[in-house]
**Student:** 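Pasting in a structure now, in structure tokens, and then I'll have a few things to ask.
This one's a predicted model, so the numbers in the text were calculated from it and none came from an experiment.
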Amino acid sequence: MSEEIVHLDEPFRSLWAGRDPFVAVEELKGEVFRELEARRTLRTEVAGRGYFVKIHRGVGWGEIVKNLLCLRLPILGAGNEWQAIRRLEQLGVDTMRGVAFGQRGGNPAKQHSFIVTEELAPTISLEDYCRDWPTNPPPLAMKRALLRRVARMARRMHEGGVNHRDFYICHFLLHLDPAPTPDNLKLSLIDLHRAQIRDKTPRRWRDKDLAALHFSALAIGLTRRDIFRFLTLYFNRPLRRVLKEESRLLAYLEGEASRLQARYLRKYAKAGGQ
């Protein structure tokens, strides 16, 4: 007997009343961002409000085996992102608001699932917000406020047993209404479909997140002092202690930044040659 889980908040509770939500979600129309055999992502509107919809139709045994052979746990459906949103809410880390979730099927290779989240608007990704910082530096107070907020979110997430696995600045959305100021700003963390949830985040996965964050911020003009400030905020310790106790991490950050940069350049060169 297949297991079925459905959670619907408004407006989908009323919109789909008396209907099979797994059929109803497939009928939603809007701007499609990804269309694969096993996964579909689109933006839709209901009653004038925007929502993002991710539909998973089962990855198949081939994909599951491939991931296991590479010592990776496969992402089977929308349940992972739904659980990650719930955990971050408990930890006080601003993220997406899930309004609908469904999961059906006991066979992991054929599991049908979906998640619907409210559109976060108006917002801008930190990658775009900080893009011109090297030539047009922000007010110092604003830069420090953003460093402080990202460090606090990262610390709470990792202390709460969550690691993101795509922890780049493009996945932090800065809310624009009201206009952000150093004393009043909101950041939301998105794209949680690969997140891992445990009682405690292993150091290996914590460091991978921090390395990804460091790499993604290389182009926005942060100084060495900015990086040290972030680390003291993240670890909540004096810099001297951080440098002594986290020397292995600091070396890893530099090595991973070089490795990720080389991989990015290879991928970019390959794409440009096609």
Side-chain angles (χ1 to χ4, degrees), residues 1-67 72-91 93-123 125 157 162 164-166 168 170-173 175 188-197:
M1 185 175 180
S2 64
E3 178 184 4
E4 180 172 309
I5 303 170
V6 175
H7 177 99
L8 301 178
D9 289 336
E10 295 297 348
F12 294 93
R13 182 185 296 127
S14 298
L15 183 68
W16 294 344
R19 299 194 61 198
D20 182 340
F22 295 90
V23 174
V25 75
E26 294 282 0
E27 296 176 354
L28 289 174
K29 306 297 183 183
E31 181 182 1
V32 176
F33 290 90
R34 177 172 293 183
E35 184 74 74
L36 303 172
E37 182 178 354
R39 184 178 171 190
R40 187 172 191 238
T41 303
L42 71 148
R43 180 191 178 276
T44 191
E45 289 194 6
V46 177
R49 188 180 186 105
Y51 298 89
F52 281 94
V53 183
K54 294 182 182 179
I55 303 170
H56 300 257
R57 304 188 187 97
V59 297
W61 283 113
E63 184 68 18
I64 291 174
V65 171
K66 183 177 75 173
N67 275 270
R72 293 194 302 259
L73 289 176
I75 304 302
L76 301 178
N80 200 70
E81 189 154 30
W82 181 258
Q83 295 300 327
I85 289 173
R86 291 291 179 258
R87 178 66 71 88
L88 290 187
E89 287 174 344
Q90 294 168 2
L91 297 173
V93 177
D94 288 322
T95 185
M96 304 167 288
R97 178 173 176 260
V99 294
F101 167 70
Q103 181 175 290
R104 173 187 286 172
N107 184 337
K110 297 181 179 180
Q111 187 182 87
H112 188 189
S113 62
F114 65 85
I115 183 172
V116 183
T117 58
E118 285 186 352
E119 180 181 34
L120 300 177
T123 58
S125 76
M157 181 181 77
V162 180
H164 191 283
R165 296 180 70 195
D166 290 300
Y168 306 114
C170 63
H171 292 146
F172 287 87
L173 298 186
H175 293 250
S188 291
L189 183 60
I190 65 168
D191 202 10
L192 300 168
H193 76 279
R194 296 206 318 136
Q196 295 174 327
I197 307 169

**Student:** Whether the side chain of Arg13 engages the backbone of Leu8 through a donor-acceptor N/O pair (distance < 3.5 Å, no angle test) should be reported.
**Tutor:** yes
**Student:** Rounded to the nearest 0.5 Å, what separates atom NZ in Lys54 from atom OG1 in Thr117?
**Tutor:** 7.0 Å
**Student:** Are Trp82 and Gln103 side-chain neighbours, meaning at least one heavy-atom pair lies under 4.5 Å?
**Tutor:** no
**Student:** List the residues meeting ring pair (Phe, Tyr, Trp, His ring centres under 6.0 Å) with His175, not counting sequence neighbours, and say none if there are none.
**Tutor:** none
**Student:** For Phe33, does its backbone N or O pair with a side-chain atom of Thr41 as donor and acceptor, under 3.5 Å?
**Tutor:** no
**Student:** Do Glu45 and Glu119 have side chains that approach each other closer than 4.5 Å (heavy atoms only, starting at C-beta)?
**Tutor:** no
**Student:** Would you please classify the geometry between the Phe114 ring and the Phe22 ring as parallel, tilted or perpendicular, with 30° and 60° separating the classes?
**Tutor:** perpendicular
**Student:** Any sub-3.5 Å donor-acceptor pair from Asn80's side-chain atoms to Gln196's backbone N or O?
**Tutor:** no
**Student:** If you apply the rule side chain to side chain donor-acceptor pair (under 3.5 Å), what do you find for Glu81 with His56, and how did you get there?
**Tutor:** CA-CA 12 Å; Glu81 189 154 30; His56 300 257; 5.6 Å; no
**Student:** What heavy-atom pair brings Arg19 and Ala24 nearest, and what distance separates the two atoms?
**Tutor:** NH1-CB, 3.7 Å
**Student:** Once rounded to the nearest 0.5 Å, what's the spacing between atom CD of Gln111 and atom CD of Glu3?
**Tutor:** 8.5 Å
**Student:** From Leu42 CG over to Glu31 CD, what is the distance, rounded to the nearest 0.5 angstrom?
**Tutor:** 9.0 Å
**Student:** What heavy-atom pair brings Leu88 and Leu189 nearest, and what distance separates the two atoms?
**Tutor:** CD1-CD2, 4.2 Å
**Student:** If you measure from CG on Leu28 to OG1 on Thr44, what distance do you get to the nearest 0.5 Å?
**Tutor:** 5.0 Å
**Student:** Got a second to check how far Leu173's CG is from Ile190's CD1, nearest 0.5 Å?
**Tutor:** 4.0 Å
**Student:** Looking only at heavy atoms, which two atoms of Arg104 and Glu4 are closest? And how far apart?
**Tutor:** NE-OE1, 2.8 Å
**Student:** Mind listing the closest non-hydrogen atom pair of Ala78 and Phe101 along with its distance?
**Tutor:** C-CE1, 3.7 Å
**Student:** Check the angle between the aromatic planes of Tyr51 and Phe12 and answer parallel, tilted or perpendicular using the 30° and 60° thresholds.
**Tutor:** perpendicular
**Student:** Indicate yes or no for a side-chain donor-acceptor contact from His112 to the backbone of Gly77 under 3.5 Å, with no hydrogens or angles considered.
**Tutor:** no
**Student:** Nearest 0.5 angstrom please: Leu120 CG to Arg97 CZ, how far?
**Tutor:** 11.0 Å
**Student:** Using a 4.5 Å cut-off on heavy atoms from C-beta on, say whether the side chain of Tyr168 contacts that of Asp191.
**Tutor:** no
**Student:** Apply the side chain to side chain contact (heavy atoms under 4.5 Å, CB included) test between Ile115 and each candidate in Ile85, Leu192, Val53; give the one that qualifies.
**Tutor:** Ile85
**Student:** For residues Arg86 and Ile197, determine if any side-chain heavy atom of one lies less than 4.5 Å from a side-chain heavy atom of the other.
**Tutor:** no
